[in-house]
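First the proteins, then the strands, lettered A, B, ... as listed; each starts at 1. Side-chain atoms are counted along with the backbone in the values below, which use heavy atoms only and exclude waters and symmetry mates.
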There are 2 protein chains.
Amino acid sequence: MKHDMGFDEAPDRHDGRANPVFLGVERAIHEHRLPPGTRLAEAELCEIYGVSRTIVRAGLQALTHSQLVTLVPNRGASVAKPTPADAQEVFEARELIEPRTAREAARHATPADIELLRRHSAEEHKALDARDYGRSLRLSGLFHTEIARISGQKTLLGFVDQLVSRSALIIALYWHRERARCDSQCHERLIDAIAAGKPDEAETLMRSHLVDIHTALDFRDAGDSQRDLRDMLLP
Amino acid sequence: MKHDMGFDEAPDRHDGRANPVFLGVERAIHEHRLPPGTRLAEAELCEIYGVSRTIVRAGLQALTHSQLVTLVPNRGASVAKPTPADAQEVFEARELIEPRTAREAARHATPADIELLRRHSAEEHKALDARDYGRSLRLSGLFHTEIARISGQKTLLGFVDQLVSRSALIIALYWHRERARCDSQCHERLIDAIAAGKPDEAETLMRSHLVDIHTALDFRDAGDSQRDLRDMLLP
DNA sequence: AAGATCAGAATTGTATACGAAATCTGCAAT
DNA sequence: ATTGCAGATTTCGTATACAATTCTGATCTT
């Protein structure tokens with residue numbers, strides 16, 4: 001008999017997220033290479049990633065769980081296309097949850113964490129200067145999940161992860177770049193507050209940062225959303 | 001017949017949740033027929049639900065994503081066993097999110113919603129009187145997700161769903177019944193506040209209700225038991 | 001007798017094939 | 001031009017095969 005002391009410690013996300021299809025598509029969405037609504041045929045993904053349908057289907061299922069992909073029976077998968085109402089909800093949820101993760105991050109951050117955040121922010125600037133908007137967007141999202149990680153709340157981290165992912169789709173649909181760009185400074189002020197161990201300030205900064213993004217969304221043209229007739233007629 | 005006021009009706013979860021394995025195991029966990037740590041062998045589930053390994057694996061993946069099941073490579077699946085730290089986190093998250101859903105529910109509830117909640121609460125009492133703790137537990141959880149549904153925030157509903165599910169495991173591990181039972185009155189006072197359209201009161205009641213449950217948890221010991229899977233899954 | 005070792009059994013991970021059902025596409029007919 | 005239909009395509013569920021890993025129990029060593 002083995003020494004089974006009953007404690008399984010940190011069992012390394014073995015859900016379905018270590019899947020080439022999941023990782024590849026997720027990343028492509030984060031970097032705005034895959035616009036909302038793109039069809040994702042199984043055979044195509046098999047070729048692209050050199051795996052069997054077994055793996056492709058598992059990946060698509062995982063993506064569906066994170067709400068990055070919409071799976072319709074017998075009609076296959078496509079990149080999710082959040083409605084304005086979805087977008088509203090996602091940012092309301094972020095405004096509820098992330099101020100808390102920022103607060104907790106300010107309480108728990110180690111010097112190594114701070115350094116990671118700063119390096120991160122620098123990368124973000126570099127990508128922005130290089131006009132590499134895909135990369136800068138992904139890094140900007142990663143910044144938020146990184147704060148959630150530092151907060152030490154794995155449960156909230158999972159939620160933030162999903163919300164940030166969906167935000168990439170929302171931004172692709174409803175963001176117009178010509179609007180204000182406070183991001184860079186916002187992120188740095190947040191790092192300062194976290195580094196200084198000021199939970200209240202971090203919380204407030206995060207909240208207003210999210211509100212800024214939220215209010216900069218523009219729902220007037222719902223993108224060239226060619227919603228198929230089925231969706232419009234059946235309900 | 002649909003009595004839905006033209007809002008998007010829940011677009012039929014076409015993720016992986018309409019899966020006999022997912023539904024059966026989820027329900028068994030909610031009703032405390034499947035204790036934390038129970039091994040879930042693929043072949044066994046194939047027999048029990050009369051489906052192929054494809055479906056079983058899809059169901060297990062979905063369950064893993066909702067953190068009800070732990071999947072270890074090459075070693076299979078078992079019902080998740082939240083640590084005391086996990087339990088702490090889950091309830092902290094609930095205390096953050098559910099006061100908000102209660103507040104929004106108080107703002108959006110229709111008479112039909114109120115009636116549903118009251119009928120629900122009555123069922124819960126009936127199950128409790130009949131000493132059917134499995135059923136009463138499931139209904140108690142459903143009450144919380146129902147409030148989240150009424151709030152109209154599908155995103156938060158998803159989170160609450162997951163948190164309530166995990167709470168079933170946490171209660172199975174760390175709850176001792178001899179402790180206080182405020183639930184019944186708590187739920188009814190909540191319904192009253194929602195019916196009266198008092199967001200602040202609903203929010204406060206929900207928060208204190210959750211804190212009550214949270215503080216009634218006891219992390220000193222975590223029992224372990226092994227029974228026959230078939231008995232637990234086929235009621 | 002206690003513990004280590006190792007071969008066989010059991011289980012999981014992945015690939016592939018097949019039939020059924022649904023969907024999509026293009027052509028023909030009205 | 002629209003409708004109707006047949007064939008091609010795609011997805012879905014299942015079954016099967018096989019490699020890789022883990023588990024189990026019997027044997028061997030000390």
Notebook entry, point to check: Under 3.5 Å, side chain of Asp161(A) to main-chain N/O of Gly158(A), donor-acceptor pair present?
Noted result: no
Check: Can any side-chain N or O of His32(B) pair as donor or acceptor with the backbone N or O of Gly134(B) at less than 3.5 Å?
Finding: no
Rounded to the Å, how far apart are [X] [atom1] and [N] [atom2]?
X: Leu40(B); N: dT11(C); atom1: CG; atom2: P; answer: 14 Å
X: Gln61(A); N: dG13(D); atom1: CD; atom2: C1'; answer: 13 Å
X: Arg57(A); N: dT14(C); atom1: CZ; atom2: P; answer: 15 Å
X: Glu42(A); N: dC12(D); atom1: CD; atom2: C1'; answer: 8 Å
X: Leu71(B); N: dT14(C); atom1: CG; atom2: C1'; answer: 15 Å

Note to self: As a quick check of understanding, evaluate side chain to side chain contact (heavy atoms under 4.5 Å, CB included) for Arg94(A) and His144(A), giving each step before the final call.
What the structure shows: CA-CA 10 Å; Arg94(A) 292 188 65 172; His144(A) 286 256; 3.2 Å; yes
Checklist line | CD on Glu31(A) to CG on Leu137(A), rounded to 0.5 Å | finding: 9.5 Å
Checklist line | Interatomic spacing from CZ in Arg135(A) to CD in Glu124(A) - rounded to 0.5 Å | finding: 10.0 Å
Margin query: Nearest to the Arg39(A) side chain among dT12(C), dC12(D), dT10(D), which nucleotide is it?
Written below: dT10(D)
Notebook entry, point to check: If you measure from the Lys or Arg side-chain nitrogens to the Asp or Glu carboxylate oxygens, is any gap between Arg118(B) and Glu115(B) under 4.0 Å?
Noted result: no
Item checked: Glu44(A) bridged to Arg39(A) by N-O distance under 4.0 Å -> no
Notebook entry, point to check: With a 3.5 Å cut-off and no angle check, do the side chains of His108(B) and Ser151(B) form a donor-acceptor pair?
Noted result: no
Would you tabulate the pairs of protein nitrogen or oxygen atoms and nucleotide nitrogen or oxygen atoms of nucleotides 14-22 of chain D closer than 3.5 angstrom?
unit_1	atom_1	unit_2	atom_2	d
dT14(D)	OP2	Ser52(B)	OG	3.3

Check: Between the two end axes of the helix from dA1(C)-dT30(D) to dT30(C)-dA1(D), each built from 5 base pairs, what angle do you get to the nearest 10°?
Finding: 10°
